[in-house]
Amino acid sequence: MAEQSFAVLGLVKFGMALTVALLKAEQDVLVIDSNEKVINDVAHLTMGENVEGSIIATMLAKKLGANDVTTRANNHNHRLVLEKIGADHVIEPEQDMARQLIFRQLHPNVVNYFNLSKNISLVEVSVENPRFFNKSLGELDFRKNYDVNIISIVHDGKLNQVPLATDIINSHDQITLIGSNEAVQKMNDILLEKH
């Protein structure tokens, strides 16, 4: 994402949470508030490799009442501290990228892969298994038979973002499915089979 410029007027609750989120996204932020101390506190937060800065930012955001704080950890111990002080979501970009890379190498028909939580994944895959071709979602009943939900189908470059039970799966369609990590990986393997 390209860097953009933002101005946040007032650092009460929402303004502070918004500022922290923008800084974490490495965006250019101009902060205006009548309380010089609060501005100085924000000015000293650095989000990248600064463990202390991310801990302080998380504590400030939670203290100011932010309902949903997502923060970045540099390693496992940093993650534990951030979770302990109340971070709602902690990401470790290097770990997440490594998991995605391994998953894609082991599952070559994966187009996109996202961990939504520790146990739930969202995966966009190409349908290569002929036993799924020319069948409706109702016939295939992914939820009952495979414990996953299909949330979109891309056929010939056209996105169907609200698929119905009557919609047909064709060869090489890209389907987006959501489910437990185990169910998603199993479904991915089945969709890759070419017999």
Side-chain angles (χ1 to χ4, degrees), residues 1-105 107 110-125 149 151-152 154 157 159 161-162 174-181 184-185:
M1 175 182 2
E3 183 179 77
Q4 300 179 44
S5 295
F6 296 87
V8 178
L9 308 176
L11 289 176
V12 179
K13 292 186 180 181
F14 178 75
M16 178 62 81
L18 182 61
T19 300
V20 170
L22 290 168
L23 288 172
K24 286 180 185 175
E26 300 180 358
Q27 300 302 307
D28 182 29
V29 183
L30 169 66
V31 178
I32 300 170
D33 193 282
S34 60
N35 185 336
E36 185 177 345
K37 182 185 181 319
V38 175
I39 290 176
N40 287 335
D41 288 344
V42 171
H44 291 99
L45 301 179
T46 55
M47 295 297 130
E49 298 299 318
N50 187 337
V51 172
E52 182 181 347
S54 66
I55 292 169
I56 292 169
T58 301
M59 287 176 24
L60 280 172
K62 292 308 278 186
K63 183 177 181 180
L64 292 170
N67 293 327
D68 190 11
V69 175
T70 300
T71 189
R72 176 182 183 231
N74 295 333
N75 56 53
H76 181 68
N77 289 335
H78 188 195
R79 169 187 283 277
L80 293 176
V81 171
L82 291 168
E83 288 173 345
K84 185 74 172 171
I85 63 173
D88 299 289
H89 308 282
V90 180
I91 59 169
E92 291 180 69
E94 293 81 7
Q95 294 294 327
D96 293 342
M97 288 301 292
R99 279 190 290 270
Q100 287 186 12
L101 178 62
I102 290 168
F103 189 91
R104 285 183 179 158
Q105 290 297 314
H107 304 90
V110 170
V111 178
N112 283 308
Y113 169 82
F114 303 98
N115 281 108
L116 300 178
S117 72
K118 290 180 183 177
N119 303 316
I120 304 296
S121 295
L122 178 105
V123 179
E124 184 180 8
V125 297
N149 291 308
I151 60 173
S152 73
V154 176
L159 172 66
Q161 59 188 359
V162 187
Q174 293 176 357
I175 60 173
T176 303
L177 51 98
I178 186 171
S180 70
N181 295 340
V184 163
Q185 289 184 4

With rounding to the nearest 0.5 angstrom, report the [atom1] to [atom2] distance, [X] to [Y].
X	Y	atom1	atom2	answer
Leu82	Met59	CG	CE	10.5 Å
Asp88	Lys62	CG	NZ	3.5 Å
Leu122	Leu177	CG	CG	7.5 Å
Ile178	Ile151	CD1	CD1	5.5 Å

Would you say the side-chain atoms of Asn119 pair up with the backbone N or O of Ser180, donor to acceptor, closer than 3.5 Å?
->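 Side chain of Asn119 to backbone of Ser180: no pair is present.
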So do [Y] and [X] actually touch side chain to side chain, heavy atoms under 4.5 Å?
X	Y	answer
His78	Ile55	yes
Val123	Gln185	no
Val125	Ile175	yes

Which pair of heavy atoms, one from Ser152 and one from Leu159, lies closest together, and at what distance?
->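 Result for this residue pair: CB-CD1, 3.8 Å.
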